[in-house]
Amino acid sequence: MTVTDLSRTTTNGHVPNAGTYVIDAAHTTVDFIARHLMVAKVRGTFSGVTGTIVVGEDPTHSTIEVAVDMASVTTRDEARDTHLRSSDFFEVERHPTMTYHASAVKPKGDGWIAEGELTIRGVTKVVPLAFEFLGAITDPWGGSRIAFSATAEIDREEFGLTWNAAIETGGVVVSRNIKIEIEAELVHQAG
């Protein structure tokens, strides 16, 4: 594998070369973290992820388009996964896809932030997505790849994900605030 500098330095830091990059689903994870019974963290993953990032000559003009197959959710517990796919949560029969669209990014600290539109269950809200460019490389097959880490936090109830149950000692079964963590690898599209 050849390590080649496939990025550039701008006044806003290190960024990938301009171009169109497509998500490599086999090397990308979209995870979420919720609190269970107000104390423990429960993690879930969506494996069905597709999307494109277009990196602009001016990095602030970059765009992000991502779609997530909601039926691909797994939390390592089939009963919980089935409940998440039901009308209590994702209602995948009517809303099979979660999407994120951003038409610009801006520098923030050592990283970047997108003020994109997240759509879940037909409800769209602006959600800031903070991300960090991890680097670029030429893969063993001659392709150019880049990688990012990203995080966001949402209030699930704003998207109609309101199911919950009170617990006897106070609090609820599932937290309102959900943390999203993304590790994305993308392949440059020639042409």
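Given the structure is predicted, the values throughout are model-derived calculations rather than measurements.
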- Tell me, do Thr124 and Phe159 make a side-chain contact under 4.5 Å, heavy atoms counted?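 Side-chain contact under 4.5 Å: no.
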- Task: Decide whether Thr151 and Glu181 meet the rule of one side-chain donor and one side-chain acceptor closer than 3.5 Å.
- Result: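 No.
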- Task: Indicate whether the side chain of Asp77 and that of Thr75 have a donor and an acceptor atom separated by less than 3.5 Å.
- Result: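 No, because no side-chain N or O of Asp77 sits under 3.5 Å from a partner of the opposite role on Thr75.
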Residues [X] and [Y] bridged, charged N to O under 4.0 Å:
| X | Y | result |
| --- | --- | --- |
| Arg156 | Glu158 | no |
| Asp155 | Arg176 | yes |
| Lys108 | Glu115 | no |

When you group the ILVMFWY residues by side-chain heavy-atom contacts below 4.5 Å and let the links chain together, are [Y] and [X] in the same group?
| X | Y | answer |
| --- | --- | --- |
| Ile53 | Leu134 | no |
| Val22 | Val66 | no |
| Ile154 | Tyr100 | yes |
| Ile33 | Met98 | no |
| Val187 | Val30 | no |

Measure across [X] and [Y] and return the closest heavy-atom pair with its distance rounded to 0.1 Å.
| X | Y | value |
| --- | --- | --- |
| Ala152 | Pro128 | CB-O, 3.5 Å |
| Ala34 | Ile178 | CB-CD1, 3.5 Å |
| Asp69 | Phe46 | O-CD2, 3.8 Å |
| Arg85 | Ala71 | NE-O, 2.9 Å |
| Phe133 | Ala147 | CD1-O, 3.6 Å |
| Pro16 | Ile146 | CB-CG2, 3.7 Å |

- Item | From CA spacing to verdict: side-chain hydrogen bond (donor to acceptor under 3.5 Å, both in side chains), Thr162, Glu157 | CA-CA 5 Å; Thr162 58; Glu157 292 188 5; over 6 Å; no
- Item | Main-chain N/O of Ser103 paired with Thr63 side-chain donor or acceptor, under 3.5 Å |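 Checked: no pair found.
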Working to the nearest 0.5 Å, report the span between [atom1] of [X] and [atom2] of [Y].
| X | Y | atom1 | atom2 | value |
| --- | --- | --- | --- | --- |
| Glu185 | Arg145 | CD | CZ | 5.0 Å |
| Ser86 | Asp81 | OG | CG | 11.0 Å |
| Gln189 | Thr52 | CD | OG1 | 7.5 Å |
| Asp139 | Asp24 | CG | CG | 9.0 Å |
| Asp31 | Lys179 | CG | NZ | 11.0 Å |
| His95 | Ile120 | NE2 | CD1 | 11.5 Å |

- Evaluate side chain to side chain contact (heavy atoms under 4.5 Å, CB included) for Val15 paired with Trp112, printing each intermediate quantity in order. CA-CA 10 Å; Val15 298; Trp112 296 83; 3.3 Å; yes
- Message: Which residue in the set Ile64, Ile113, Leu129 passes side-chain contact (heavy atoms from CB on, under 4.5 Å) when paired with Val105?
- Response: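 Option passing the side-chain contact (heavy atoms from CB on, under 4.5 Å) with Val105: Ile64.
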- Whether Phe131 and Phe148 hold their rings parallel, tilted or perpendicular, with breakpoints at 30° and 60°: perpendicular
- Message: Looking only at the aromatic ring of each residue, does the gap between the centers of Phe89 and His83 stay below 6.0 angstrom?
- Response: yes
- Query: Please walk me through it: do Tyr21 and Val54 pass side chain to side chain contact (heavy atoms under 4.5 Å, CB included)?
  - Reply: CA-CA 6 Å; Tyr21 298 84; Val54 178; over 6 Å; no
- Can you list every pair that meets salt bridge (Lys or Arg N to Asp or Glu O under 4.0 Å) and has a residue in residues 118-135, with sequence neighbours left out?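 Listed by first then second residue: Glu91-Arg121.
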- Query: Glu93: what forms a side chain to side chain contact (heavy atoms under 4.5 Å, CB included) with it, not counting sequence neighbours?
  - Reply: none
- Message: side-chain hydrogen bond (donor to acceptor under 3.5 Å, both in side chains) for Asp58 and Thr60? Distances and angles first, verdict last.
- Response: CA-CA 5 Å; Asp58 175 345; Thr60 62; 2.7 Å; yes
- Query: Can you list the steps and then say if Thr50 with Ile23 is a side chain to side chain contact (heavy atoms under 4.5 Å, CB included)?
  - Reply: CA-CA 6 Å; Thr50 59; Ile23 289 175; 5.9 Å; no
